*Asks:* 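Have a look at this one.
All values reported here derive from a predicted model rather than from experimental measurement. Residues take their numbers from the sequence shown, with the count starting at 1.
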Amino acid sequence: FNYKCVFCGIHENDHGGFWHFHVEHYKPKSITRFSHLKTDYSNLLYSCDHCNIRKGILWPSDDPMKDQIGWLDPCSYDLDQHYQFQLTGNKLQLITHSKIGMWITIELLLDNSIRTDVLEKIAIKNKLDLDIIAHLETELVSKKTLFSANPSALHQNEIMEKEDIYLRLVAEQHKKY
């Protein structure tokens, strides 16, 4: 799950660390007919405390696609097909693409302003980081071209410093995805 909540997509580093994440039981272990799935790997998900607590033991349907209500297994369904967060300019919007997507976002309170404000700040920072990476990449290509035409220790040090910054930013972004 790449250290992210399967429902809202928040990374554990942006939500207080791994201690704010839970092993979520897709089919609730406290419902008798699912108790045998308590340690079944295919029933375990990684979820932030907010989404896990909101989901709780609610299980309205065994066939959520047919009934258009209930939980979709994120390992079987692409939740982005049903709802997603989209950054437009500096505003994060929760967009639902289906009735079941709307049900899930309402149950998890994903449209709660406190929640979206946090996710919006993260999305803006990630976008800025990606913009900086793109700028550094362009600048590095330019400097390397200049260096190949006019090699000097000064140019080489400058290139190495920028490459170091670039690689650290790329590594940081890679951890998030």
Side-chain angles (χ1 to χ4, degrees), residues 1-130 168-177:
F1 300 107
N2 294 322
Y3 307 99
K4 291 182 177 184
C5 174
V6 296
F7 297 110
C8 72
I10 197 167
H11 192 280
E12 67 181 26
N13 291 342
D14 297 318
H15 190 63
F18 66 86
W19 45 86
H20 287 280
F21 275 70
H22 302 162
V23 174
E24 156 65 17
H25 293 82
Y26 169 63
K27 294 180 179 177
K29 64 182 185 241
S30 58
I31 295 178
T32 307
R33 64 189 168 116
F34 300 137
S35 62
H36 67 285
L37 299 173
K38 181 178 181 177
T39 57
D40 186 325
Y41 187 74
S42 66
N43 191 50
L44 305 177
L45 304 171
Y46 197 57
S47 173
C48 71
D49 50 3
H50 170 87
C51 291
N52 188 35
I53 290 166
R54 290 294 309 165
K55 181 179 171 287
I57 63 166
L58 181 62
W59 191 259
S61 171
D62 284 335
D63 192 351
M65 288 301 286
K66 179 179 165 247
D67 300 335
Q68 288 297 291
I69 187 172
W71 304 108
L72 294 175
D73 183 348
C75 296
S76 301
Y77 294 93
D78 181 1
L79 296 183
D80 284 346
Q81 299 296 314
H82 299 279
Y83 67 92
Q84 64 187 150
F85 291 98
Q86 188 173 60
L87 186 65
T88 307
N90 285 339
K91 189 70 182 153
L92 189 72
Q93 296 177 311
L94 176 61
I95 300 168
T96 57
H97 304 295
S98 67
K99 185 177 176 185
I100 194 164
M102 183 172 288
W103 183 88
I104 292 170
T105 61
I106 289 169
E107 288 301 317
L108 294 177
L109 291 179
L110 293 183
D111 60 348
N112 175 295
S113 64
I114 295 170
R115 193 79 181 149
T116 54
D117 287 351
V118 170
L119 292 171
E120 183 176 88
K121 287 176 186 167
I122 294 164
I124 290 169
K125 183 190 179 309
N126 287 340
K127 183 183 180 312
L128 289 173
D129 286 351
L130 292 173
R168 278 188 279 128
L169 282 171
V170 168
E172 187 179 308
Q173 281 298 311
H174 181 70
K175 287 178 188 175
K176 294 181 179 180
Y177 299 103

*Asks:* Can you find a heavy atom in the side chain of Cys51 that is under 4.5 Å from one in the side chain of Val6?
*Replies:* no

*Asks:* I need the Leu87 CG to Ile124 CD1 distance, nearest 0.5 Å.
*Replies:*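 Leu87 CG to Ile124 CD1: 6.0 Å, rounded to 0.5 Å.
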
*Asks:* Tell me, which pairs form a side chain to side chain donor-acceptor pair (under 3.5 Å) where one or both residues lie in residues 23-34, sequence neighbours left out?
*Replies:* Glu24-Lys55, Arg33-Asp62

*Asks:* Show the atom names and distances, to 0.1 Å, of all donor-acceptor pairs under 3.5 Å that link a side chain in residues 89-97 to residues at least two apart or in another chain.
*Replies:*
{"residue": "His97", "atom": "NE2", "partner": "Gln84", "partner atom": "OE1", "Å": "2.9"}

*Asks:* I want to check something: taking the side chain as every heavy atom from C-beta on, are His82 and Ile104 in contact at a cut-off of under 4.5 Å?
*Replies:*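 Sidechains of Ile104 and His82: no contact.
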
*Asks:* Side chain of Tyr83, backbone of Phe7: donor and acceptor closer than 3.5 Å?
*Replies:*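 Such a contact is found between Tyr83 side chain and Phe7 backbone.
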
*Asks:* Check the pair Asp40, Ser42 against side chain to side chain donor-acceptor pair (under 3.5 Å), reporting the backbone distance first and the verdict last.
*Replies:* CA-CA 6 Å; Asp40 186 325; Ser42 66; 2.7 Å; yes

*Asks:* Give the minimum heavy-atom separation between Leu72 and Met65, together with the two atoms involved.
*Replies:*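 Leu72 and Met65 have their closest heavy atoms at CD2-SD, 3.6 Å.
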
*Asks:* When rounded to the nearest 0.5 angstrom, what distance separates SG in Cys5 from CG in Leu119?
*Replies:*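 Output value for this atom pair is 9.5 Å.
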
*Asks:* Answer whether the closest heavy-atom distance between the side chains of Leu45 and Val23 falls below 4.5 Å.
*Replies:*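 No; the side chains remain at least 4.5 Å from each other.
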
*Asks:* Consider only side-chain N and O atoms of His22 and Ser47, and report whether a donor and an acceptor are under 3.5 Å apart.
*Replies:*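 No pair is found: no donor N or O on one side chain lies under 3.5 Å from an acceptor on the other.
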
*Asks:* Of all heavy-atom pairs between Cys8 and Phe85, which one has the smallest distance, and what is that distance?
*Replies:* O-CE1, 3.7 Å

*Asks:* With rounding to the nearest 0.5 Å, note down the distance linking OH in Tyr3 to OH in Tyr46.
*Replies:*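 Those atoms lie 8.5 Å apart.
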
*Asks:* If the plane angle is over 60° it's perpendicular, under 30° parallel, otherwise tilted; pick one for His20 and His15.
*Replies:* perpendicular

*Asks:* For Ile10 versus Cys48, what's the shortest heavy-atom pair and its separation?
*Replies:*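 Heavy atoms of Ile10 and Cys48 come nearest at CG2-CB, 4.1 Å.
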
*Asks:* Going from CG on Leu37 to CD1 on Ile31, what distance comes out if it is rounded to the nearest 0.5 angstrom?
*Replies:*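 Reported to 0.5 Å precision, the distance equals 11.0 Å.
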
*Asks:* Short question: side chain of His50, backbone of Leu108 - any donor-acceptor pair under 3.5 Å?
*Replies:*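 Yes, because the side chain of His50 sits within donor-acceptor range (under 3.5 Å) of the backbone of Leu108.
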
*Asks:* State the CD1-CG distance between Ile53 and Leu109, to the nearest 0.5 angstrom.
*Replies:* 12.0 Å

*Asks:* How long is the gap from CH2 on Trp71 to OG on Ser61, to the nearest 0.5 Å?
*Replies:*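 Answer rounded to 0.5 Å: 12.0 Å.
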
*Asks:* For Ile69, does its backbone N or O pair with a side-chain atom of Asp67 as donor and acceptor, under 3.5 Å?
*Replies:*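 Not a single qualifying donor-acceptor pair exists.
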
*Asks:* Can you find a heavy atom in the side chain of Trp19 that is under 4.5 Å from one in the side chain of Glu12?
*Replies:* no

